[in-house]
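Right, one structure below, let's go through it.
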Number of protein chains: 2
Amino acid sequence: MRQRRRRSTCPINFFVEAFGDSWSFLIIRDIVFFGKHTFGEFASSSEGIASNILASRLARLEQESILVKAPDESDRRKEIYSLTEKGLDLIPILLEMANWSAKHDPETSAPLAFVARVNADKENMFRLIRETVRAGGAIFAGPGSVVEQLAVAGPGS
Amino acid sequence: MRQRRRRSTCPINFFVEAFGDSWSFLIIRDIVFFGKHTFGEFASSSEGIASNILASRLARLEQESILVKAPDESDRRKEIYSLTEKGLDLIPILLEMANWSAKHDPETSAPLAFVARVNADKENMFRLIRETVRAGGAIFAGPGSVVEQLAVAGPGS
DNA sequence: CCGGATCCGTTTCGATACTG
DNA sequence: CAGTATCGAAACGGATCCGG
């Protein structure tokens, strides 16, 4: 968004104002799907985002109370970015985006089994994913990832 | 998005590529929530979007097969923009955005009763809204709007 | 009037280089 | 590693004009 636009009473304006930029989505995506948490991880994975742009987006998301920054206890050079409760509440939106993309992307880059599983039981899956991400996990990456949990639990559970 | 960025395998990239700009959201919002369908209606309601920007966004959305343009039968000066099936599939995303906004917007501009109703029965509400919009209706505006149907049906149905 | 297209000053982006 | 500084290029947005 180039310029602060007039505010209007509408159901999604607050969302659009808070985001308004696609890099912001990709940062949240990196956290939720891939468990990225540091400046360097975002920089290397977010389709080659420039460092100044990344810094400005992180600052904005922090200011919007979607992210919080905290020093890494084990490595004081690093800063850990995590989602706040407000940020965690974005997960359903991301999952619906993933759903739409899986359905319409000709290259179909999303794992269809996972998407189907989410659609089959949105309420419980939203909750499971939220709790996993809140605890520092992610959907696809790392030990304790959501897909790992689902594989353990099996398709029938 | 300024520049075509590197494509990567990720669940929401296709979505981000297709949108990438907040004006596009507002156009879809105008259709789904308020039943706008012409260039002039978008121009007057979308927070003062410039006509050249609006034209470029409509062209892009049409090219992405999210919108289709057709001449208005009753007034040949006008063009009617409507959502394709691919466009209709965006509705769940918009509704999750509305949900998030209602929860976190300090000015709380969204009708909370409607949002709560959607959350209480997402599957059926998504379907109802989709069919209403497909038929040319909208959520808030016009006769046969979704909120009107819900009022008629009553909160228990 | 409606739906754009064109022109043009201004803003913001983004690649690179640089610093703590 | 985590950011800032610089600067050219691109997109924006307001005004204006045009065809039907």
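Because the structure is a prediction, the values reported are computed rather than measured. By convention in this document, chain letters (A, B, ...) are assigned in the order of the sequence lines, proteins followed by strands, and residues within each chain are numbered from 1.
- Atom CZ in B/R76 sits roughly 17 Å away from atom C1' in C/dC1 (whole-Å rounding).
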Can you list, pair by pair, the side-chain donor-acceptor contacts under 3.5 Å of residues 51-58 of chain B, counting residues two or more places apart and other chains?
unit_1 : atom_1 : unit_2 : atom_2 : d
B/S56  : OG     : B/I53  : O      : 2.9
B/R57  : NE     : B/D21  : OD2    : 3.0
B/R57  : NH2    : B/D21  : OD1    : 3.0

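- One atom, CG of B/D21, and another, P of C/dC13, lie 12 Å apart when rounded to the nearest Å.
- Sorted by first and then second residue, the ring-ring contact (aromatic ring centres under 6.0 Å, His included) pairs with a member in residues 69-106 of chain B read A/F14-B/W100, A/F15-B/W100, B/W100-B/H104; sequence neighbours excluded.
- For the side chain to side chain donor-acceptor pair (under 3.5 Å) test, residues two or more places apart in sequence or in another chain that qualify with A/T132 are A/Q149.
- Across the protein-nucleic acid pair, B/L54 atom CG and D/dC12 atom P stand 13 Å apart, rounded to whole Å.
- Residues passing the ring pair (Phe, Tyr, Trp, His ring centres under 6.0 Å) test with A/F42: none are found, sequence neighbours excluded.
- The distance from atom CG of A/L26 to atom C1' of C/dC13 is 15 Å, rounded to the nearest whole Å.
- The distance from atom CD1 of A/I49 to atom P of C/dT12 is 17 Å, rounded to the nearest whole Å.
- Residue A/I53 contributes atom CD1, which lies 13 Å from atom C1' of D/dC7 at whole-angstrom precision.
- Summary of helix geometry: the two end axes of the helix from C/dC1-D/dG20 to C/dG20-D/dC1, each defined by five base pairs via their C1' atoms, are inclined to each other by 30° (rounded to 10°).
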Output one line per pair: protein atom, nucleotide atom from nucleotides 2-5 of chain D, and distance, for all N/O pairs under 3.5 Å.
unit_1 : atom_1 : unit_2 : atom_2 : d
D/dA2  : OP2    : A/G40  : N      : 2.8
D/dG3  : OP2    : A/Y81  : OH     : 2.8
D/dT4  : O4     : A/S51  : OG     : 2.7
D/dA5  : N6     : A/N52  : ND2    : 3.4

**Message:** Using side-chain contact (heavy atoms from CB on, under 4.5 Å), reason through A/M125 and A/L150 one step at a time and then give a plain yes or no.
**Reply:** CA-CA 10 Å; A/M125 291 299 291; A/L150 291 178; 3.4 Å; yes
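- With ring centers used as reference points, B/F140 lies under 6.0 Å from B/F114.
- Considering only side-chain N and O atoms, B/W23 lies nowhere under 4.0 angstrom from the phosphate OP1 or OP2 of D/dC12.
- Atom CD1 of B/I80 is separated from atom C1' of C/dC2 by 12 Å (rounded to the nearest Å).
- A/R57 comes within contact range of the sugar-phosphate backbone alone, with a heavy-atom separation under 4.0 Å but no base atom that close.
- Remark: B/A113 pairs with no residue by the side chain to side chain contact (heavy atoms under 4.5 Å, CB included) rule, at least two apart or across chains.
- A/E131 is linked by a side chain to side chain contact (heavy atoms under 4.5 Å, CB included) to A/R134, counting only residues two or more places apart in sequence or in another chain.
- A search for side chain to side chain contact (heavy atoms under 4.5 Å, CB included) contacts involving A/D75 returns A/D72, A/R77, A/K78, not counting sequence neighbours.
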